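Working notes, structure below.
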Amino acid sequence: MHKIGIDLGGTKIEGILLDEKLNVSERIRIPTQQEKGYKSIIESIVSLVNELKIKTNDSVTIGISTPGAISKQTNLIKNSNTQCLIGKPLKEDLKKALDQDITIENDANCFAIAEATMGAAKNYDVVFGVIMGTGVGGGIVMNGHIHRGRTNIAGEWGHHTLRINGNKCYCGKNGCVETYIGGPALEKRWTELTGKTELLPIIIQKLDNQKGQKWKNEFLENFGIALANVIDILDPDVIVLGGGISNIPFLYDEGRDSVYDKVFSDMVDTPILKNQLGDSAGVFGASLL
Ligand SMILES: [Zn+2]
């Protein structure tokens, strides 16, 4: 039995085909054309799966990593920052279009299970996997199993409230973590402080001045509170960071110290590690479902 994993991201859709020994036999990436809407996303996934399927004569399992979660009440997608998916029966539509049963899982859960199984968190029991990119999400893995929670939202730390009456969030609330430490939020804050529109990799090269320090201190403060809250409640054995923002080096020393400062405990040594699977965690996680 071969395995197909599909990672439906905000900007790209990636697919891999794994053989019985979990070796990658094929990998394909295409852009997500979000602006073309839901139907186009379904069509893209179907053509990607078909392209992978013809590479093997074996039968395949199909797992899909998606932003958001499937509501237990309605079976429709909820809580997705790829907003054209919200309220859509993604699983049913894909099953029909592919003429095969599939597994769908939240992208942060896929990230967490991949890092816990074959990445940075391989030797830890309770893993909190963090995605910080355009959206901010998280997933919890306990002893090799995804902890989904009663309503499939376990680990969704990106939408817990950091500031009452704070920034407006697409989810309908104010002050969510994502509106402070998500990529677009960080770039927007940079523009407010400096008047310049620049991308994160450029911004982090320019922090050795007053405005840069202010931007960085706010970021560290928000990152620290947001993850200290997670440690207070879950006390995981390890935290693994993923998503584009996880490439920022200062999160692993100054960021970690900011987290530790805020934890409610006489001791805190929770490792905060960079992912090992990079961009591919989602697609591996999906194939492992
Ligand atoms: Zn929110």
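Just so it is clear, the values below take in all heavy atoms, side chains as well, and ignore hydrogens, waters and symmetry mates. Both counts, for ligands and for their atoms, begin at 1 and track the order of listing. Since we're looking at a predicted model, the values are computed, not measured.
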- Query: Do you see a donor-acceptor pair shorter than 3.5 Å between the side chains of K274 and N247?
  - Reply: yes
Checking T61, D19, D58 against H2 for side-chain hydrogen bond (donor to acceptor under 3.5 Å, both in side chains), the one that qualifies is D58
Practice item. Measure the shortest side-chain to side-chain distance between K12 and P31 over non-hydrogen atoms and say whether it is less than 4.5 angstrom. Key: no
Testing the 3.5 Å rule here: is there a donor-acceptor pair between the side chains of D93 and Y38?
yes
Between H159 and N79, is there a side-chain donor-acceptor contact under 3.5 Å, judged purely by atom types and distance? no
The protein N, O or S atoms lying under 2.8 Å from the Zn ion (ligand 1) are H159 ND1, C169 SG, C171 SG, C176 SG
Q | Exam field: side chain Q213 to backbone L207, donor-acceptor pair closer than 3.5 Å | A | yes
